[in-house]
Amino acid sequence: MNQTYSKKQKLHQLLVILVPILVTQLAMYSMTFIDTLMTGRYNSQDLAGVAIGSSLWVPVFTGLSGILLAVTPIVSHLVGAKKQSEEVAFSVIQGVYLSVIMAVLVFAGGALSLNPILSGMNLENRVHDTAFNYLAALSTGLIPLFVYNVLRSFIDALGKTRVSMFITLLSLPINAVFNYMLIYGKWGFPELGGAGAGYASSITYWLIMLISFFIIHKNSPFSNYGVFRNLHAVSIGKWKEILMIGIPIGLSIFFETSIFSAVTLLMSTFETAVIAAHQIALNFASLLYMIPLSISMALTIVVGFEAGASRFKDAKEYSWIGVGIAVIMALICAAILLAFPREVASIYTKDSYVLKLTANFLIYAMFFQLSDAIQAPVQGALRGYKDVNVTFIMSLISYWIIGLPFGYYLANHSNWGAYGYWIGLITGLAAGAITLTGRLIYLQNKKYPASMKV
């Protein structure tokens with residue numbers, strides 16, 4: 001990444017970083033799929049318990065791990081500005097310290113609140129117990145999971161996204177093997193059902209953290225920074241820097257992911273077939289979202305690197321190349337959904353009524369792709385500039401003040417029914433795409449113009 005790259009070379013450089021991130025995100029998505037599939041084959045009550053547990057955990061985890069994503073722009077800025085390796089190592093270690101504190105706080109909060117939350121959901125006893133035991137088992141891996149997020153942010157910030165891809169792909173068979181042993185009680189291990197999926201994930205988190213430690217300590221270029229060479233004292237100042245950047249990122253991610261959980265809860269008043277179709281379509285839309293999300297993560301790296309080196313013209317070009325890739329991919333996905341909605345729906349269900357409803361929902365998902373293709377990469381570019389506070393406010397307004405109330409109105413006070421919620425979601429995403437794009441244009445033209453030299 002340097003200022004002499006042509007736009008074609010920039011596209012190639014971005015793809016080199018992007019493709020491994022996309023594979024990594026798809027692999028992480030597959031881990032949840034494997035948990036669900038293997039628990040579902042054990043029995044339906046354990047599947048329901050794991051599903052409830054996951055629905056509680058995912059918004060919390062994505063929001064909190066978003067805070068730790070601040071390590072990526074911080075490190076990429078330092079590397080781009082050619083700061084000393086000690087400063088990079090210091091930032092990473094402070095991120096590790098902070099991640100451990102966050103994991104302990106989540107564990108304590110869960111211990112106090114989990115049972116009351118589950119008890120308030122009027123679940124069957126077996127489903128309640130499975131959800132509780134699954135989350136309790138998962139909590140034994142909180143510390144390595146949060147630490148791994150910091151280490152992955154450091155690895156990715158150096159542009160070595162293929163290393164993260166390797167670690168994540170390695171975790172898939174590890175997770176599947178431990179699922180098999182602990183869910184079904186194979187090879188002398190206890191039969192734990194849904195709770196076994198939680199322990200399998202926890203063991204996997206510990207292993208990928210240790211693998212990351214080893215790679216960073218032993219392998220170049222990571223070892224050049226000597227991250228674990230010295231025992232640094234805790235720095236409240238550095239924690240404040242991470243939190244000032246990370247909290248708005250985490251809240252932005254939380255507002256976006258939690259709105260889908262909120263819609264799912266609000267849709268519980270509709271018939272079972274409608275809820276099933278909604279879940280199927282949302283699952284497929286989430287899979288497609290891995291594309292703009294991965295582009296967003298790649299842009300945070302390259303824009304952060306170029307902005308850190310004060311090459312604002314290059315940072316601007318990378319931003320719009322990334323948005324362009326996302327829009328092209330979204331148009332391809334939209335064309336597939338428009339041409340083959342029933343074929344896609346049939347992957348999930350054979351029930352003719354659910355299939356018909358799912359195909360209808362997937363048409364709305366097509367519009368998701370177009371909004372996500374803009375708002376996700378733009379958010380990634382803004383994070384590369386360390387511009388996160390305005391983004392957080394825009395996300396809150398777009399999703400929770402515009403999207404959800406509008407969807408609720410259409411669903412309950414018009415003829416749109418359940419589809420009204422999806423129109424509300426599309427409206428919120430579109431509002432986010434428009435406002436965030438306006439913010440990026442303002443930032444690039446006024447605060448960091450291409451002609452600016454520092």
With under 30° as parallel and over 60° as perpendicular, where do the rings of F361 and Y419 fit, or are they tilted in between?
-> tilted
Going by heavy atoms in the side chains, are T435 and R439 under 4.5 Å from each other?
-> no
Under 3.5 Å donor-acceptor, S296 side chain and P292 backbone | no
Check the surroundings of atom CZ in F367: do more than 12 heavy atoms from other residues, nucleotides or ligands lie under 6.0 Å from it?
-> no
To the nearest 0.5 Å, tell me how far I426 CD1 sits from D372 CG.
-> 10.5 Å
Taking it one step at a time, do F154 and Y225 satisfy side-chain contact (heavy atoms from CB on, under 4.5 Å)?
-> CA-CA 11 Å; F154 168 58; Y225 292 89; 4.1 Å; yes
V147 and V150, any side-chain heavy atoms less than 4.5 Å apart | no
Separation of I74 CD1 from S76 OG (nearest 0.5 Å) = 9.0 Å
Validation: residues 241-248 side-chain donor-acceptor distances under 3.5 Å, sequence neighbours left out:
from, atom 1, to, atom 2, distance (Å)
E241, OE1, K238, NZ, 2.8

For residues I259 and Y399, report the shortest heavy-atom separation together with the two atoms involved.
-> CD1-O, 2.8 Å
Between E317 (side chain) and K313 (backbone), is there a donor-acceptor pair under 3.5 Å?
-> no
Looking at side-chain heavy atoms only, is the closest gap between C333 and I291 below 4.5 Å?
-> yes
Rounding to 0.5 Å, atoms CG (L142) and OG (S99) come to a distance of 11.0 Å
For the residue pair Q379 and Q375, confirm or rule out a side-chain donor-acceptor distance under 3.5 Å.
-> yes
Applying side-chain contact (heavy atoms from CB on, under 4.5 Å), run through W320 and L440 and close with a yes or a no.
-> CA-CA 10 Å; W320 297 111; L440 181 61; 3.8 Å; yes
Would you say the side-chain atoms of N175 and Y205 include a donor-acceptor pair closer than 3.5 Å?
-> no
Short side-chain to backbone donor-acceptor contact, S398 and S395, under 3.5 Å | no
Indicate whether any N or O donor in one side chain lies under 3.5 Å from an N or O acceptor in the other, for T72 and D156.
-> no
Starting from the C-alpha separation in whole Å, work towards a yes-or-no answer on side-chain contact (heavy atoms from CB on, under 4.5 Å) for L337 and F284.
-> CA-CA 10 Å; L337 286 175; F284 190 73; 3.6 Å; yes
Y364 OH: over 12 foreign heavy atoms closer than 6.0 Å = yes
Taking all non-hydrogen atoms of both residues, which atom of H232 and which atom of Y97 are closest, and how far apart?
-> O-OH, 2.6 Å
Check T24 against M165 and note the closest heavy-atom contact, atom names and distance.
-> OG1-CA, 3.0 Å
Taking I93 as the fixed residue, which of V88, L98, V227 is the one that meets the side-chain contact (heavy atoms from CB on, under 4.5 Å) rule?
-> V227
Is the shortest heavy-atom distance from the side chain of I21 to the side chain of L293 under 4.5 Å?
-> no
Specify the closest pair of heavy atoms between S164 and Y148, including all atoms of both residues, with the distance to one decimal.
-> O-OH, 4.1 Å
So, for L362 and P341, which heavy atoms are closest and what is the spacing to 0.1 Å?
-> CD1-O, 3.5 Å
Give me the ring orientation class for F213 and F228: parallel if the planes are under 30° apart, tilted from 30 to 60°, perpendicular past 60°.
-> tilted
Could you tell me the separation between the NZ atom of K160 and the CZ atom of F166, rounded to the nearest 0.5 Å?
-> 15.5 Å
Kindly indicate whether the side chain of F255, heavy atoms from C-beta on, has any atom under 4.5 Å from the side chain of F392.
-> yes
For the atom pair CZ (R152) and OG1 (T168), what is the distance rounded to the nearest 0.5 Å?
-> 5.5 Å
More than 12 heavy atoms of other groups within 6.0 Å of K386 NZ | yes
Got a donor-acceptor contact below 3.5 angstrom from the R383 side chain to the L299 backbone?
-> no
Considering the options L396, I397, T391, V390, which one meets the side-chain contact (heavy atoms from CB on, under 4.5 Å) requirement together with M394?
-> V390
Would you name the heavy atoms of A137 and G198 that are closest together and state the gap between them?
-> CB-C, 3.7 Å
Between the side chains of Q444 and S319, does any donor sit under 3.5 Å from an acceptor?
-> yes
Indicate yes or no: at least one non-hydrogen side-chain atom of I215 is less than 4.5 angstrom from one of I211.
-> yes
Taking atom OH of Y134 and atom OG of S139, what is their separation to the nearest 0.5 Å?
-> 11.5 Å
Steps toward side-chain contact (heavy atoms from CB on, under 4.5 Å) verdict (V234, W239) = CA-CA 8 Å; V234 168; W239 286 18; 3.6 Å; yes
With a 4.5 Å heavy-atom cut-off, do L170 and I208 have their side chains touching?
-> no
Would you say H128 and N115 make side-chain contact, with heavy atoms under 4.5 Å?
-> yes
So, the side chain of T204 versus the backbone of A200: is there a donor-acceptor pair under 3.5 Å, distance only?
-> yes
